[in-house]
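Given the structure is predicted, the values throughout are model-derived calculations rather than measurements. By convention here, the first residue in the shown sequence is residue 1.
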Amino acid sequence: MGFHQTSSISFSATKWLGFVTAVWVQAISGNNYTFSNYSDALKSLMNLTQLELNNLSVAKDVGKAFGLLAGLASDRLPTPVILLIGSIEGLIGYGTQWLVVSGRIQPLPYWQMCIFLCLGGNSTTWMNTAVLVTCIRNFRRNRGPVSGILKGYVGLSTAIFTDLCAALFADDPAKFLIMLAVIPFAVCLTAIVFLRETPPAATIEEEKEESKYFNIFNAVAVIVAVYLMAYGFIPNPSHAISLAFSVILLVLLASPLAAPVHAFIKSWTLNGFKNQADVERQIQEPLLIEEKAQEEIQERPAEESASAVVEQPQAVEEEKAAVEVKRRPVIGEDHTIFEAIRTVDFWILFVSFLCGVGTGLAVMNNMGQIGLALGYADVSLFISMTSIWGFFGRIVSGSVSEYYIKKAGIPRPLWNAASQILMAVGYILMAVALPGSLYVGSIVVGICYGVRLAVSVPTASELFGLKYFGLIYNILILNLPLGSFLFSGLLAGFLYDAEATPAPGGGNTCVGAHCYRLVFFIMAIACVVGFGLDVLLVIRTKKIYNRIFMSRRSKKLAAASNLQ
């Protein structure tokens, strides 16, 4: 990637500029969570039952199953190519849905609509893989904050799209879909230019510098979230207020550009070109050591070469033994996908992830019908609240889990366990259907869903390594289509239709707390199961996180002693 020829000034600025574009990509790649905003239009236009509509949402989530392709490509294709593939898929998938909903073409057959929703869903896996894999490798010493910030903006993206559409287009589902098609395509083209893999921080000072920048990114993200939430509570905003809201929102989203600008100015004024030699030496040092070793081997006397030939069989046996050892890496080392799926820890993480994100997706996909069943004519507020509070769950859990690993070696899965039990409480609240319970429930589910996404990503990289992280991440993401199918397509679809009454002209409808009560109780039980699995994973990984803590502590002590 030309690291050795990059000056410290351009290196630092480019690294942070790439992260800013990654944030923008994540801010528009949550379009997969916006199905509730236009699902009612599809249901009425195509005369669908709730089960058929839920299966359309499952088809959207099945697109994530093909994220395995993005995972395989992440080790073989450069980041810009992966982003380009995702942006083109999204343009085709959501563009076709826009043509149908806007009436420019006749409604397509059901199976064809499933294909285009699947395309739209798959597009986000390419974007997310490109962004997460590249940024976690670039900032591997701050994996929690990176995952929290990036996944946080994915959560905000639903609110960003929903509020922009409400402000500019009065919640028109057709115009909403054209936004989902065009905006991600344009943003990905920008990221293609700037997002690259760069060397990670090599010293404690650089790690602390990264932490300071991440605190700024966190602050900006919180401001954006609060701003979006405040706008959602304005009753019937005028056109002028809506336009002002949109302009200010775009300015806030552009404000992280201050980070690479500051990094450039700081490098120029304080360090100049002095750091260039240091960075290159740190990067090249292992290569120089290897070259020296190679030269020493080549300069051995002929007698040693002869003895090496005699000892060749023994060397072959030792090499075979080494290969055997490599085939069985311990938790915390680099795993291939086949090595990872043969471990108990992988499946504990996988199933607990399914219990959290599968049930959360069921709520998000059915929020439109849940709100209508409980007597709310406008459900856009609940959709935005789930998105915004999901952001808070992601961004706080990423930073807090990282802090406690560095502070006391507390296993990261502990935060998943806490989110699972809290999510179960949220489902029970929504099942009881007391006044205001949907507000509280949507907040709780949003927070816990966000925690699961933000914490599970760095957890997987810490347990199974970064070498094949792109593929392992996409195996875990299979839980999104699987969970959507089990909890949304089957559970919510069948139980809703069992309670619903046929509607004139086709389809069906259900009004009352009973429509989803049993669904919520079953999902609460699933979360309790997930809680138990997460506690088990905490116990099994305690030693790994203690090693991470001790390693970081020894590096800090060594750095402090060098300064004295």
Side-chain angles (χ1 to χ4, degrees), residues 1 14-33 63-64 67-90 121-140 142-158 160 183-198 200 210 213-214 217-218 220-221 224 253 256-257 259-260 390-391 394-395 398 450 453-458 460-461 466 468-474 476-477 480:
M1 304 291 280
T14 302
K15 187 175 186 176
W16 288 107
L17 184 58
F19 187 72
V20 171
T21 59
V23 164
W24 290 345
V25 170
Q26 295 297 81
I28 51 82
S29 64
N31 45 20
N32 221 27
Y33 298 107
K64 289 187 173 71
L68 291 174
L69 300 175
L72 289 168
S74 67
D75 293 324
R76 293 167 177 79
L77 297 177
T79 301
V81 175
I82 298 173
L83 283 170
L84 183 62
I85 293 171
S87 62
I88 292 173
E89 270 195 319
N122 184 246
S123 68
T124 61
T125 66
W126 292 86
M127 299 176 196
N128 291 339
T129 299
V131 164
L132 279 170
V133 172
T134 303
C135 290
I136 283 185
R137 286 175 178 169
N138 289 351
F139 303 98
R140 62 186 65 193
N142 284 286
R143 301 181 197 188
V146 167
S147 175
I149 291 168
L150 294 179
K151 285 296 183 182
Y153 272 99
V154 173
L156 280 184
S157 65
T158 304
I160 289 170
I183 293 178
F185 180 77
V187 172
C188 282
L189 291 182
T190 305
I192 282 170
V193 179
F194 298 109
L195 185 58
R196 297 286 188 277
E197 196 167 323
T198 57
E210 285 182 358
Y213 279 116
F214 286 131
F217 276 93
N218 281 332
V220 171
V224 172
L253 292 174
L257 281 171
F391 155 79
R394 297 172 206 225
I395 204 162
L453 285 177
V455 171
S456 297
V457 171
S461 73
L466 283 171
Y468 302 101
F469 173 65
L471 187 55
I472 290 171
Y473 165 73
N474 278 285
L476 286 175
I477 292 303
L480 296 179

> Looking at residues at least two apart in the chain, or sitting in another chain, which of them share a side-chain contact (heavy atoms from CB on, under 4.5 Å) with Leu17?
Replying inline: Phe194, Leu257, Pro260
> With Ile477, which residues qualify under side-chain contact (heavy atoms from CB on, under 4.5 Å), at least two apart?
Replying inline: Lys64, Phe353, Tyr473, Leu480
> Below 4.5 Å, heavy atoms only, C-beta onward: do Met127 and Ile28 meet side chain to side chain?
Replying inline: yes
>> My understanding is that only residues two or more places apart in sequence, or in another chain, count here; which of them pass side chain to side chain donor-acceptor pair (under 3.5 Å) with Arg137?
In response: Asp75
> Which heavy atom in Thr198 sits nearest to a heavy atom in Asn138, and how many Å separate them?
Replying inline: N-OD1, 2.7 Å
> Minimum heavy-atom separation for Ala191 to Leu83, with atom names?
Replying inline: CB-CD1, 3.7 Å
> Does Thr125 have any side chain to side chain donor-acceptor pair (under 3.5 Å) partners at least two apart in sequence or in another chain, and if so, which?
Replying inline: Asn122
> Just by modelled atom types, is the Ala130 backbone N or O under 3.5 Å from a matching donor or acceptor in the Thr134 side chain?
Replying inline: yes
> Looking at residues at least two apart in the chain, or sitting in another chain, which of them share a side-chain contact (heavy atoms from CB on, under 4.5 Å) with Val81?
Replying inline: Leu77, Pro78, Ile85
> For Ser87, which residues count as a side chain to side chain donor-acceptor pair (under 3.5 Å) partner, sequence neighbours excluded?
Replying inline: none
> Any side-chain heavy atom of Thr79 sitting closer than 4.5 Å to one from Glu197?
Replying inline: no
> Residues in side-chain contact (heavy atoms from CB on, under 4.5 Å) with Ala22, at least two apart?
Replying inline: Val131, Cys135, Leu150, Leu195
> Would you find a donor on one side and an acceptor on the other, under 3.5 Å apart, between the side chain of Thr129 and the backbone of Trp126?
Replying inline: no
> Tell me, which pairs form a salt bridge (charged side-chain N to carboxylate O under 4.0 Å, His left out) where one or both residues lie in residues 20-33, sequence neighbours left out?
Replying inline: none
>> Would you compute the distance between atom CZ of Arg394 and atom CG of Leu453 and round it to the nearest 0.5 angstrom?
In response: 5.0 Å
> Tell me, do Gln26 and Leu156 make a side-chain contact under 4.5 Å, heavy atoms counted?
Replying inline: no
> Considering all heavy atoms of both residues, which atom of Ser147 and which atom of Pro458 are nearest to each other, and what is their separation?
Replying inline: OG-CD, 3.4 Å
>> Is any side-chain heavy atom of Leu84 closer than 4.5 Å to one of Leu189?
In response: yes
> Side chain of Arg143, backbone of Arg140: donor and acceptor closer than 3.5 Å?
Replying inline: yes
> Roughly how far, to the nearest 0.5 Å, is the CG atom of Leu72 from the CG atom of Leu471?
Replying inline: 5.0 Å
> Between Ser29 and Val154, which heavy-atom pair has the shortest distance, and what is it?
Replying inline: OG-CG2, 3.8 Å
> Which residue pairs pass the salt bridge (charged side-chain N to carboxylate O under 4.0 Å, His left out) test with at least one member in residues 22-33, sequence neighbours excluded?
Replying inline: none
>> According to ring-ring contact (aromatic ring centres under 6.0 Å, His included), who are the partners of Phe214, at least two apart in sequence or on a separate chain?
In response: Trp16, Phe19, Phe139
>> To the nearest 0.5 Å, what is the distance between SG on Cys188 and CD on Glu89?
In response: 11.5 Å
> Got a second to check how far Ile183's CD1 is from Ser157's OG, nearest 0.5 Å?
Replying inline: 11.0 Å
>> Tell me every residue that passes side chain to side chain donor-acceptor pair (under 3.5 Å) with Tyr213, counting only those two or more places apart in sequence or in another chain.
In response: His262
